[in-house]
Amino acid sequence: MATRDSRSRPGRKADQEFVSEAEEILERMREDYADLDDQRAAGGEVEPDLINRLFRSAHSLKALAGMFGLESIQDLSHHLEDILDGLRLGRVPMDSPCVGLIDEAIHTFANLLESVGNEEALAAFNEPVEELATRIAASAKEVANSGDELQSLEIDDALLRALTEYEEHRLRENIRRGRHIMLVGSTFEIMSFDEGLSELSDAIRSIGEVLSTLPAPGETPESQIRFSLLVASDLTLSELTESLDFPDADVQSVRVGASAVEVISAPVEVDPTPQAAAATEMESLRSISETVRVDIRKLDELMNLVGELVIQRASIGEIAARLVAQRQNTQIGIELSKIHKSLDRKLKGIQSAVLEVRMVPMRQVFDKVSRVVRSLRRDLQKDVRLEVSGADTELDKLIVEELVDPLMHIVRNSIDHGIETVEERLAAGKDIQGCVRINAFQRGNHVVISVADDGKGIDRTALFARAESLGLVSAAGELTDREILNLVFAPGLSTQSQVSETSGRGVGMDVVRENVMALGGAVEVESTPGRGTTISMTLPITLAIIQSLIVVVGKHRFAIPINAVHETLLIETSEIQRSEGREILNLRGEPLLLRSLAEEFELGVSRPAEKQFAVIVGLGEQRIGLLVDRLDGQQDTVIKPIQGPLKNVRGFAGATELGDQDAVLVVDISGLVDDALSRKDGA
Amino acid sequence: MTEVNAPTEEVRDWDALARAAADRGDSSDSVDEVRQLLSFELAGSPYAVPVERVREIVRMRPVTPVPRTPDEVRGVISLRGEMIELIDLRRRLSLGSIEPSRTTRIIVIKTKDDDVVGLLVDAVREVLRVTEDAVRPAAGSETGTVNDLCKYRDEFVSILELDKVLTLDA
């Protein structure tokens, strides 16, 4: 690829990216097409998923080609999409000759990919591509024109137009099978129409298929609503009217089926075969829509609603408790609290169901990373292999999205700065091939994602010198090893003296840390000179409902996410020791830095004289103890961002509603801990 | 001509105000560009903001103070689950602060970044329909929070530069 004529097109790197992605798509298409061909040859039914996958592949290819401005590939995939869409929706039969065109198109794509980046070679393909596209287009057109049997139906055009493509497909299919097509109309009371409608539909389903349910315009009183059901059945008009036994329903014929005679001879109950056949077919086609793409914002909305319900549930509990306490209402109170308990269980069910919907495995991100690594290997000419484990670990979709960039950056850094050149590795007596290991695993309510390389490790001296030259630190010797390592997260730092294109100018690790912290997580770095570096991100599994510990300082209440709380202790003021103004607690033999929330947030309240609570908090490995006046129990909380000009309010991750309209600030533990541990005394 | 007074009830669907204003206007004078402004009171004087920036108007509700923020930020309010900063417009414009009263309202404003923010005002008055020629420059504004005045009846209403007002030195 490096030998390619670089004059031909600008953006050789972009081309490479395109080719590597397109190759992957094409590989999938080849496999899927081979499967499709096998299933077709075997005479069996073709798995609808296969066609769907092919369709999606063609679509991705089109989008990709569009992004890189490769018109010929874009055009061809567009035409291919037409055929596949026809197949998918049953407009094109599986035995149509145009199925063979898919294979041709895949071959042509492969040829085109070979020539990407070379204008002349690409131009040579113009003619064959055009010719193939024309054939595909012609074939797709033929398919579109073939189905005019719908025009012969005695049915309102407006109604036909209202059918979805799938419904239309079912209609054609039933016509082809010679079933009777009928329109069943009925009027329902608006208040209860859903019940009546589903009763009617169920009744029809036992003797036929409901192709479509459409609200029908017409003269109805205001409190009523009229529906038309397009029905296919083996029963004739009069038979269906009779067996339906729905006095309010009127049935009219749309098309008389061809096979009416043979079917009439068989009583409906004794002949389940056609229905069963129809059912399996429905099944296989329905599997197309078994997964639904959902806008994440819709899930957020759902989550918010659930969150509000959770809050309201708490006030019902309170009311129940109050009633129980009043003698004359005790009985009602007990009943209410029973309802409250069952509501509680169901809500928990909804909560976990909604949470589950948001969870996606890390695999998709890891796949992306491995693609980037492949191209990096080429660009940086480093011999690196990527090992991935824990790809099935699940994480909130929103977090996964936000994670792509930081993770990518860390991996780039590892390959660019961490892994040595082949010569260096040989000299150090290491395996020639470097290794970057990505691992994801769940730890309690968190997911830890670590990127470990077996490279040269971080050079502390160089790092420190660089930080000093930037004025970030002064006077050597004062920093611990951890503090020096943490300098990699300082803005504007890069130890590589040569700035490389891949990892940029050291902008990055600070941004990585910022992004991860914004998600309520933490980043940690470990490094052994000569052995390698490991960077670990600890992230909450979900951003949605979480349990919080409510703490009270003076008149203020704050929420601390429970997943950041390790333990709570009631301590005597006399137990607190001091060192250079810092307060320290002897926690089972280890010194623990204490911070008073009142002083931290400048609340201007004095601390209790004798006893106070220490909440031991921290993410990852770092811990501190937060001093508060008292604890006020745990609550389900939905953390919302605070809207307004201040944007990210320092020290707070957001706010949550507790009780009636009461906003309670949620403490940003990750920020607070970092602040406390990095602070020099007094500053 | 109907007079729209400071609403005594919570005006959530505050479209009613805008509709009332539209009804008052003469439908034939569509030649001039007409601006709709929501007017309200601060320390006895009328102020206004463009209605298209107003999302809703709500009554005073519990406010949770936020530590380490400028004085004009009264805190955070919860509005149907949304967490919104509440800015005391009196403090923001250095008009001195007062305790909330029966007429105190929170005007929920849409910000440039698709956020919302609450502005605390003494009372909400009405929606004004003014033509461009009723707008005069306000001389001598040092802070840049009011650049235009608009003559309405026999009063001058100060039009707030919202983006300026919503820029706080944190």
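Letters A, B, ... are given to chains in the order of the sequence lines, protein chains preceding strands, and every chain is numbered from 1.
Contact annotation for V73(B): only side-chain heavy atoms (C-beta onward) come within less than 4.5 Å of a heavy atom of chain A. Proximity to chain A is limited to the side chain of I87(B), based on heavy atoms less than 4.5 angstrom apart.
Scanning all heavy atoms of the two residues, the minimum distance from H556(A) to P65(B) falls at CE1-CG, 4.0 Å. The minimum heavy-atom distance linking G651(A) with R68(B) is given by the pair CA-NH2, 3.7 Å. The heavy-atom pair separating L665(A) from T64(B) by the smallest distance is CG-CG2, 4.3 Å. The two residues A655(A) and V76(B) come nearest to each other via the heavy atoms CB-CG1, 4.4 Å. Taking both residues in full, the closest heavy atoms of E657(A) and M83(B) are given as N-CE, 3.2 Å, listed atom of the first, atom of the second, then distance. Taking all atoms of both residues into account, the shortest heavy-atom contact from F601(A) to P67(B) is O-CB, 3.2 Å.
Of the listed residues V66(B), V116(B), L166(B), V63(B), the one with more heavy-atom pairs under 4.5 angstrom with chain A than any other is V116(B).
Other residues, nucleotides and ligands place more than 12 heavy atoms under 6.0 Å from the NZ atom of K110(B).
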